[in-house]
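Remarks on the structure that follows.
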Amino acid sequence: MSDTLRFATWNVNSARARVDRICAWLEKSNTDVLAIQETKCKDNQFPADRFTDLGFEVAHLGANQWNGVALLSRVGIDDVQRGFPGQPEWSKTESVEPRAIGATCAGVTFWSLYVPNGRTLDDPHYAYKLEWLDELANNAQQWLESDPEAKIALTGDWNIAPLDEDVWDIEVFRDATHVSEPERRAYERFLDAGYKDVVRPFTPGPGVYTYWDYTQLRFPRREGMRIDHILTTPALADCIADAHIDRDERKGKGASDHAPVVVDIKK
DNA sequence: ATGGCGATATTTTATCGA
């Protein structure tokens, strides 16, 4: 029996288009719990059988071809929460989008999060992004205040580069989303509440990324962004033995534009 | 030390992504 739980988060950019690659990666990476984002399908289109065949239990939240989040676990999956209290609606569709799913696996509550992109600083989507993060932070703060020993991981595609070194050229991102001060302040609310980025200490930058655009040879040129993060409560942060970004998974035909981010948790 | 956008539905063009 291993005394370590391996958790990963990965924006897969379509579960259906990527299912072979996801299964292959699950098998070779020895992952116990995987949070995925951008499944891009409805619940009845999600290839759950492919994962149950590998011994995983599945919780998926989807609505249509956009967004979609899931958790896969081979160590049990309990108390599934679809969305979070107060999660804002996207005004254009007047719907709460499938961007958050949480569950407890082996004593740890994992959230698979797909934070709104924001698009541009003057787009309604940007205000939506900030409101969405603020409401999530309200919940996260309350969870920790009500149980200071709670083991909670807030994981996924945050669509925020917290530091200038988290993009390959900060000048390219002047007046762009993902690096603006309001977005960074929204992210820092989680740190102020006590949550820790448990990946960065094991993967220091500069030049360390989790996403590379498909266009303009961004990956071979090593021009990426660190926007996928794992934040945990202090009690869980104390259990992190190791972390890495599986950059190799970005290589080759049929790759997602994001790489998996992995942590090893001491039980 | 990798490879010149990709996925999906609204489908031959639009929408979204970051």
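Just so we're on the same page: letters track the sequence lines, and every chain starts at 1.
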(request) Would you mind classifying the nucleic acid contact of A:Gln45 as base, sugar-phosphate or nothing, using non-hydrogen atoms under 4.0 angstrom? (result) sugar-phosphate
Using whole Å, report how far [atom1] of [X] lies from [atom2] of [N].
X: A:Arg250; N: B:dC5; atom1: CZ; atom2: P; result: 12 Å
X: A:Arg218; N: B:dG6; atom1: CZ; atom2: P; result: 15 Å
X: A:Arg222; N: B:dG4; atom1: CZ; atom2: C1'; result: 17 Å

With rounding to the closest Å, how many angstrom separate the [atom1] atoms on [N] and [M]?
N: B:dA1; M: B:dT13; atom1: P; value: 40 Å
N: B:dA18; M: B:dG6; atom1: P; value: 16 Å
N: B:dT10; M: B:dG4; atom1: C1'; value: 28 Å
N: B:dG17; M: B:dG3; atom1: P; value: 25 Å
N: B:dT15; M: B:dT11; atom1: P; value: 12 Å

(request) Would you kindly check if the NZ (Lys) or CZ (Arg) of A:Arg18 is within the cone defined by 45 degrees around the ring axis of A:Trp25 and under 6.0 Å from the six-membered ring centre? (result) no
(message) A side-chain contact here means heavy atoms from C-beta on lying under 4.5 Å apart; do A:Leu154 and A:Trp143 qualify?
(response) yes
(message) Would you say that A:Tyr187 contacts A:Val115 through its side chain, given a criterion of any heavy-atom pair below 4.5 Å between the two side chains?
(response) no
Charged N to carboxylate O below 4.0 Å: is that the case for [X] and [Y]?
X: A:Asp20; Y: A:Arg50; result: yes
X: A:Arg74; Y: A:Asp32; result: yes
X: A:Arg189; Y: A:Asp192; result: no

(request) Mind listing the residues from residues 164-171 of chain A sitting with a heavy atom below 4.0 Å of DNA chain B? Number order is fine. (result) none
(message) Pick the closest DNA chain B nucleotide for A:Arg16 and for A:Lys253 by heavy atoms, then say which residue is nearer the 5' end.
(response) A:Lys253
(message) Determine whether a donor-acceptor pair (N or O, by modelled atom type, separation under 3.5 Å) exists between the side chain of A:Arg99 and the backbone of A:Val69.
(response) no
(message) Starting the side chain at C-beta, find the nucleotide from B:dT2, B:dA7, B:dA1 nearest to A:Pro220.
(response) B:dT2
(request) May I have all residue pairs that pass side chain to side chain donor-acceptor pair (under 3.5 Å) and include part of residues 82-91 of chain A, sequence neighbours excluded? (result) none
(request) Would you confirm whether the ring centroid of A:Phe84 sits within less than 6.0 angstrom of the ring centroid of A:Trp132? (result) yes
(message) Under 4.0 Å from OP1 or OP2 of B:dT8: is there any side-chain N or O of A:Ser14 that close?
(response) yes
(request) Do nucleotides 10-18 of chain B as a string where each nucleotide becomes B, S or -: B if the base has a protein heavy atom under 4.0 Å, S if just the sugar-phosphate does, - if no protein is that close. (result) B-----SSB
